[in-house]
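A quick write-up on the structure given underneath.
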Amino acid sequence: MANFNEHDLTEEVLRSFANTPNKRLKFIIEETVKSLHDLVRRTELTFEEWNRAIEFLTRTGQTCTPLRQEFILLSDVLGVSMLVDAVNHREREGATETTVLGPFYVGEHRVTPHGANISEGIDGEVMFVQSRVTDLAGKPLAGAEIDVWHADDDGFYDSQKADYAAHGPSLRARFVTDADGRFSFRTILPCSYPIPTDGPVGDLITATQRHPMRPAHVHFLVKAEGYEPLITHVFLDGDEYLRSDVVFGVKDELIARVEPRSEPALPNGERVSGRWHLMTYDFQMKPGAGLVPKPMMAAE
């Protein structure tokens with residue numbers, strides 16, 4: 001029979017994938033087909049609407065570059081990134097909570113000494129970050145690798161700037177914990193910022209009258225041998241967008257109080273004048289193994 005109607009067409013499409021050798025691939029394709037076909041039937045999708053959807057996805061792909069991943073951004077604002085994160089981290093057992101990787105991770109960063117200034121030449125209020133990596137029982141993990149990155153005082157990541165290729169990274173680095181599981185660095189106080197709105201995802205946000213803002217945060221990717229990699233943010237307490245993050249990435253446990261300080265020296269002994277800020281946050285790692293997502297952008 002070749003005259004498929006709206007009810008038997010789905011079954012015929014599913015049968016066409018029956019010989020897929022990879023069982024997991026076969027299952028995902030089948031579930032995707034069933035969900036898409038059900039969506040078309042439930043919404044009585046028109047040709048015009050389907051063509052607009054295809055155009056939107058085409059523009060999303062065309063917007064991607066080696067330093068910009070519009071599909072990750074789309075996944076983020078639809079809540080899919082956080083849903084994938086949630087189903088893959090159901091049992092934390094006291095380990096630090098996870099959140100989205102985000103579209104501005106560019107791969108492994110350069111190893112930097114403890115206490116270093118990763119914001120050299122960048123305007124902003126001084127912030128000093130001191131942290132510790134432990135197991136679930138509080139035992140320090142020496143030799144853990146931590147990638148950190150965050151936006152500048154104007155809400156832009158280095159990889160969004162035209163001079164990134166020439167000048168290289170800023171506000172990002174890699175640290176290795178000492179014998180007590182500690183690491184620290186100087187940077188600037190991050191601010192809340194809008195996601196990029198000059199592409200198709202921005203058009204979607206505008207059309208649905210959502211705001212494009214993310215609360216101020218610092219990204220951390222922590223790896224230690226024998227433990228699951230930890231991808232997370234630490235958010236600044238008091239930010240006005242903590243309860244309406246456009247990518248749904250905030251978790252209460254990941255909110256840190258950043259203390260204003262006035263001492264004339266930072267914890268690393270560096271002299272400063274005027275007010276500065278101290279962020280203190282410790283990470284608890286869950287035993288196991290796992291893969292760190294590969295960046296979908298060019299590495300540094």
Side-chain angles (χ1 to χ4, degrees), residues 65-69 73 101-131 145-178 182-198 212-222 231-239 241 256-281 295 297-300:
T65 72
L67 293 174
R68 175 169 177 167
Q69 235 304 332
L73 194 61
L101 180 67
F104 299 113
Y105 174 64
V106 299
E108 294 186 356
H109 305 141
R110 182 176 60 252
V111 175
T112 305
H114 295 179
N117 183 2
I118 70 170
S119 60
E120 199 71 52
I122 306 295
D123 292 334
E125 296 186 41
V126 173
M127 182 174 78
F128 195 85
V129 178
Q130 52 187 21
S131 187
E145 299 176 339
I146 305 96
D147 284 355
V148 303
W149 66 104
H150 69 86
D152 65 17
D153 198 33
D154 293 319
F156 292 101
Y157 288 81
D158 53 1
S159 59
Q160 292 179 280
K161 299 178 182 179
D163 61 356
Y164 175 71
H167 293 280
S170 60
L171 299 175
R172 64 173 76 233
R174 166 170 288 196
F175 298 93
V176 178
T177 56
D178 63 16
R182 299 186 185 279
F183 69 98
S184 64
F185 58 96
R186 172 181 171 171
T187 186
I188 61 169
L189 190 72
C191 64
S192 51
Y193 64 87
I195 61 169
T197 56
D198 59 340
M213 300 300 293
R214 295 220 64 202
H217 59 273
V218 179
H219 293 261
F220 292 87
L221 193 163
V222 188
I231 298 170
T232 196
H233 306 1
V234 176
F235 296 90
L236 276 63
D237 192 16
D239 192 287
Y241 298 105
R257 182 172 181 267
V258 178
E259 303 174 20
R261 306 294 286 265
S262 58
E263 293 90 334
L266 301 176
N268 64 352
E270 184 179 354
R271 306 292 293 184
V272 292
S273 60
R275 188 177 72 163
W276 54 279
H277 306 267
L278 179 65
M279 174 189 282
T280 303
Y281 194 89
M297 295 158 284
E300 296 173 4

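Given the structure is predicted, the values throughout are model-derived calculations rather than measurements. Heavy atoms only: backbone and side chains are in, while hydrogens, waters and symmetry mates are out.
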Q: Kindly indicate whether the side chain of Pro190, heavy atoms from C-beta on, has any atom under 4.5 Å from the side chain of Val218.
A: yes
Q: List the atom of Cys191, the atom of Ala216, and the distance in Å for their closest heavy-atom pair.
A: C-CB, 3.4 Å
Q. Any side-chain heavy atom of Val126 within less than 4.5 Å of one from Arg186?
A. yes
Q) Hey, do the aromatic rings of Tyr105 and Trp149 have their centres closer than 6.0 Å? A) yes
**Q.** Side-chain heavy atoms of Leu266 within contact of Arg271, under 4.5 Å
**A.** no
**Q.** Ser119 side chain to Ile122 backbone, donor-acceptor under 3.5 Å
**A.** no
Q. Can you tell which of Arg172, His150, Glu120 makes a side chain to side chain donor-acceptor pair (under 3.5 Å) with Thr187?
A. His150
Q. Minimum heavy-atom separation for Ala256 to Val234, with atom names?
A. CB-CG1, 3.5 Å
Q. Charged N to carboxylate O under 4.0 angstrom, Asp198 versus Arg68?
A. yes
Q. Looking at side-chain heavy atoms only, is the closest gap between Phe220 and Asp147 below 4.5 Å?
A. no
Q: Could you pull out the closest heavy-atom pair between Gly155 and Tyr193, with the gap in Å?
A: CA-CB, 3.4 Å
Q. Is any side-chain heavy atom of Asp178 closer than 4.5 Å to a side-chain heavy atom of Phe183?
A. no
Q: Sequence neighbours left out, what passes side-chain hydrogen bond (donor to acceptor under 3.5 Å, both in side chains) with Glu125? Give chain and number order.
A: Arg275, His277
Q) Taking C-beta and beyond as the side chain, do Pro196 and Gln160 meet within less than 4.5 Å on heavy atoms? A) yes
Q.
Side chains of Thr177 and Ile146, heavy atoms from C-beta outward: is any pair under 4.5 Å?
A. yes
Q. Which value, rounded to the nearest 0.5 Å, describes the distance between Leu221 atom CG and Glu145 atom CD?
A. 10.0 Å
Q. Step by step, would you call Leu171 with Ile188 a side chain to side chain contact (heavy atoms under 4.5 Å, CB included)?
A. CA-CA 8 Å; Leu171 299 175; Ile188 61 169; 4.1 Å; yes
Q: Return yes if a side-chain donor-acceptor contact under 3.5 Å exists between Tyr157 and His219, otherwise no.
A: yes
Q: For residues His217 and Phe235, establish whether the separation of their ring centroids is below 6.0 Å.
A: yes
Q: Could you walk me through whether Leu278 and Met127 pass the side chain to side chain contact (heavy atoms under 4.5 Å, CB included) test, one step at a time?
A: CA-CA 6 Å; Leu278 179 65; Met127 182 174 78; over 6 Å; no
Q) From Leu73 CG over to Thr197 OG1, what is the distance, rounded to the nearest 0.5 angstrom? A) 9.5 Å
Q. Okay, side chain of Trp276, backbone of Glu263: is any donor-acceptor separation there less than 3.5 Å?
A. yes
**Q.** Side-chain heavy atoms of Phe185 within contact of Thr112, under 4.5 Å
**A.** no
Q) Counting only N and O atoms by type, is there a donor-acceptor contact under 3.5 Å from the side chain of Asn268 to the main-chain atoms of Gly115? A) yes
Q.
How close do Ala265 and Gly269 get, counting heavy atoms only, and between which atoms?
A. CB-O, 4.2 Å
Q) Short question: side chain of Asp154, backbone of Phe156 - any donor-acceptor pair under 3.5 Å? A) no
Q: For the pair Ile118 and Phe175, evaluate side chain to side chain contact (heavy atoms under 4.5 Å, CB included) and give the outcome as yes or no after the intermediate values.
A: CA-CA 11 Å; Ile118 70 170; Phe175 298 93; 3.9 Å; yes
Q: Could you please spell out the steps behind the side chain to side chain contact (heavy atoms under 4.5 Å, CB included) verdict for His114 and Gln130?
A: CA-CA 9 Å; His114 295 179; Gln130 52 187 21; over 6 Å; no
